[in-house]
Amino acid sequence: MHKIKVKINGTDYENEVEPRLLLVHYLRDKAHLTGTHVGCDTGNCGACTVFLNGKPVKSCNMLAVQADGADLMTVEGLARGGALHPVQEAFLDKFAVQCGYCTPGMMLSALALLKSNPKPSEAEIREAIEGNICMCTGYQQIVDAIAHAADLMGQSRSA
Amino acid sequence: MLNFDEIFVTRNWFGKPVRRDADTRFVKGEGSYVDDLNMDCVYAGFVRSPHAHARLGKIDTSKAEALKGVLAVMTGPEVAALTKPVGARAITRPARQHVMATGKVRYVGEPVAVVVAEDRYTVEDALDLVEVEYEPLPVVVEVEEAMKAGAPLVFEEAETNVLLHDTLTHGDIDGAFRQADLVVKEQFRIQRFSSTPLENWAIIAKHEKGTDSFVVWANCQQPGRSIVNVCGCLGIPANKLRFIVPDSGGGFGIKLALWPYIVSQCVVARKVDKPVKWIQTRREHLLAGTHTPDCVVDLELALKRDGKVLGLKIRDRQNDGSFVHTAGIYNLIKFATMVGCYDIKATQAELMSIVSNKAPTVQNRGVGKPAMIFTLERLMHRAAVQLGLDPAEIRFRNFVQPEQMPHTTPSGEIYESGNYPETLRKALAQIGYDGVKKEQESLRKQGKYIGVGLSASIEPGTSNLGYYYTSRGTPEYMGNAEGAIVSMDYDGNVNVLLGSVDEGQGHATSVAQVVADMLAFTPERVTMNTHMDSLVSPFLGHSGCYANRFNDVDMGAVIMATKKVRDKVLKIGAHMLGVPEGEVRLKDGAVCSAAEAKKSAPFKDIATVAYKQILLLPKGVEPGLKEVAYYKNEIAKMPGKEDFNVQMTHSNSVHAAVVEVDVESGMVSFRKYVIAHDCGRHINPGIVDGMAIGSTVHGVGTVLLEEFIYDENGQILTTSFVDYMKPLAVGLPRFELTHLESPCPTSLLGTKAVGEGGAIGSLAAIANAVEDALAPFGVKVTSLPITPEKVMRAIRETKVI
């Protein structure tokens, strides 16, 4: 067993973990943050996407011990003080959510894009979410939601 | 039947793209899917057969049992001894199968033993320690081998691998083929695929010692039937099983038959006396459960020279793998949909459900209709080319006309509504049909190959559930219906419960819109818990999220229960206001005097009387404001071979695709894609659009990417999303939607099926476009998927994809 310390959504956690424990299972089973989902075994689907030190990672492709000392953000960290994040608002506005299972990972990939590219084109959006599979929507309303989120975030920056 | 104008008091919400705020939990990561439920569970996992067909020898569980943290190991034969066999629905030959392997294994991935341990990781360790002896048997993989005389038998007691073989003839089929100027025929091969919901199967089973009963949490799509099946296999009465369905991460039919795993999990839960959680891995999901059956379809069209279709014959050989419960279902749905949007007077369907050493199959999005419409619309395209007609024109000449509605097909299906010619006209206008044809010519001169493909498709909804007994006799289930409970609470807000479940379609929002307009208040005041709990939900054997039935029977039940609440609220309100019952109306969440609007009783005050100040109730009125209603679609006929309607509502669409085929790489890319769609009235256009596009993308995956590939030993080669490829955001076109609204006269709201249509209509549109693009090379499309490898081989050598 190894002791790890991480910060998740601003809160400190310290746990004993098996060295083989996947980060996603650490988040779900030890930190009880179940918004991060598992949809495949091979890193293809992106449902487990979280931020590690500000960058998106697939938490099923990492061990918890590798995250020791890291600053993590999961979907539960998006809304602040009861107010939804613009990406969350945009996903609801544009019907980008159907079953909701891909949604957390999809929103974090979207946010990663918008941080580096505040005004992405449709092609750039599609490329940015290539690592996230949605089985329900056919992606179109998700693409529209991300463009809409860019507008909302632009408005809040200029306000 | 309640008419549309009697249903609504206001029209503020119905038909509007109301935001799905009822599902805000999903954007916050606060959904409660089965794996999110934290109840001090232990974990289960399955030892699975590495052989496609083998006699099961000794299973040594001792090493696994000795591992620290392991609580129990049970073998397939041990579970079989404690359970009853799985019931068959459509097949006519005897075939005995249990929920886990016993005696022999019939497919790679069949569960042979179940392990329970304290955590997920120990389960994986223990699975490796179970030692199983197998004596391999000869394998049957494809339908042709399975049908050969002397082929190895998947179920010896059936004495054949063809478990259903029936021929259904309607109209003068021989006359039609005698009078034909042209017969167009083709053999099509459609691959195995699956809609693969992003959340895999997930189950928690708990045994309650005190009452010797079970509580199950499962992401099951069809709780009504699953309860019957689980109780049947466990040999327990229904009152010994509480069945709960929390949030579910997509279904598409693939979660209709996870109940065999519920049975085995209940057995081990009783043994270990702790809640047992099983979370299927993606590999298990792709390997062992469950697929759309692959099929070989021979189709023949008898035509007059002017393009009029006189008759249609299908010979359908379907590879149903190795699950007796669902075998034969696809055949019968294909049969019911075989004339598509056309007025064809004579049909013949020879149907064969064939078992093999492939994985189990289940009703995947569209169930047989994707294959049926694909083959029909491929052949319509082919017939047009052979007759020198435009592919649009041949369709116009054969459509059922709007003035023929309601139209009864030769086998008894009733098309109640729709304007098929107008749907095609809209699609042609939107795709710019004539312009694309001109562009095609000029691009060909530059060595670029584009093609346009059309597909006119019927999208049925609400199964008449006896259909799979068409070949067997008395149905266990008939018709289709749903139940709803609607209650107004202390605060005058409304709560709704359905017997059905939600797989992501936003039922809570659609229901809130309808209820709000029925009660003249706002959707925020309507809550619907979409979770199903057999202790409180008003379910029937039909209950579940399948067959495009929500807009019909689910909504019907909600409307009828809301109407009962409304009648009672009006009665109590009138009494409170001292106004005769006929002289009150609903406004802004209150009962008002029609003559004097200021005189009003808000719902909250009415609820206070109904629940607390019950001495103030009018004479003869019961306290409380909770009502149950069950609603059935009235047009279901009794199952029979001569005259039977398998589905009860009929949406339709035309898909039009423009593709480019890169003849150097074989890659197919989209230039334009139009969906002209008629699903009657829309409750929420934002939701309807998402369903139409989402299901079309399932079709894109089927046509271009997805295939479960088996080798000659029955080994499946595609068990991850690396080799079983799903559509991604990149590579898809921007889908252009255009809608018609032909209200359905047999559903309360005029709504019809939405959800399966894209997965049905898209296949032929894309395939026809590819064949059109490759016309200069003489390449024909007779199989799916259309992979770059097959395209290149066809261009260079075979001329056939």
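Here the structure is a predicted model, which means the values were calculated and not measured. Chain identifiers are assigned alphabetically (A, B, ...) following the order of the sequence lines, protein sequences preceding nucleic acid strands; residue numbering begins at 1 within each chain.
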Taking side chain as everything from C-beta outward and backbone as N, CA, C, O, which of these in V97(A) sits under 4.5 Å from a heavy atom of chain B? Side chain, backbone, both or neither.
both
How far apart are the C-alpha atoms of T24(B) and L92(A), what are their side-chain angles, what is the distance that settles it, and do they pass the side-chain contact (heavy atoms from CB on, under 4.5 Å) test?
CA-CA 7 Å; T24(B) 301; L92(A) 287 173; 3.8 Å; yes
Where on E76(A) is there a heavy atom nearer than 4.5 Å to chain B: the side chain, the backbone, both, or neither?
both
Residues E124(B), R20(A): salt bridge by 4.0 Å N-O rule
no
Rounded to the nearest 0.5 Å, what separates atom CG in L21(A) from atom CZ in R120(B)?
9.5 Å
Considering only heavy atoms, which portion of Y33(B) lies under 4.5 Å from any heavy atom of chain A: side chain, backbone, both, or neither?
side chain
Tabulate, in ascending numerical order, the residues of residues 280-292 of chain B having at least one heavy atom closer than 4.5 Å to a heavy atom of chain A, or enter 'none'.
T281(B), R282(B), R283(B)
Say you draw a straight line from CG of D41(A) to OG of S720(B); how long is it, rounded to the nearest 0.5 Å?
8.0 Å
Heavy-atom cut-off 4.5 Å, strictly under: side chain, backbone, both or neither for D36(B) against chain A?
both
Contacting region of V38(A) [heavy-atom separation from chain B under 4.5 Å]
backbone
Which bit of L22(A) comes within less than 4.5 Å of chain B, counting heavy atoms only: side chain, backbone, both or neither?
both
Set of residues satisfying salt bridge (Lys or Arg N to Asp or Glu O under 4.0 Å) with respect to K94(A), sequence neighbours excluded:
none
Taking side chain as everything from C-beta outward and backbone as N, CA, C, O, which of these in V697(B) sits under 4.5 Å from a heavy atom of chain A? Side chain, backbone, both or neither.
side chain
To the closest 0.5 Å, what do you measure between CZ (R28(A)) and CG (N38(B))?
10.0 Å
Heavy-atom cut-off 4.5 Å, strictly under: side chain, backbone, both or neither for A47(A) against chain B?
side chain
Which portion of H25(A) sits near chain B, non-hydrogen atoms under 4.5 angstrom
side chain
Quick check for you: to the nearest 0.5 Å, what is the distance between C136(A) atom SG and I693(B) atom CD1?
13.0 Å
If I measure from the heavy atoms of chain A, does K726(B) come under 4.5 Å with its side chain, its backbone, both, or neither?
side chain
Where on E89(A) is there a heavy atom nearer than 4.5 Å to chain B: the side chain, the backbone, both, or neither?
both
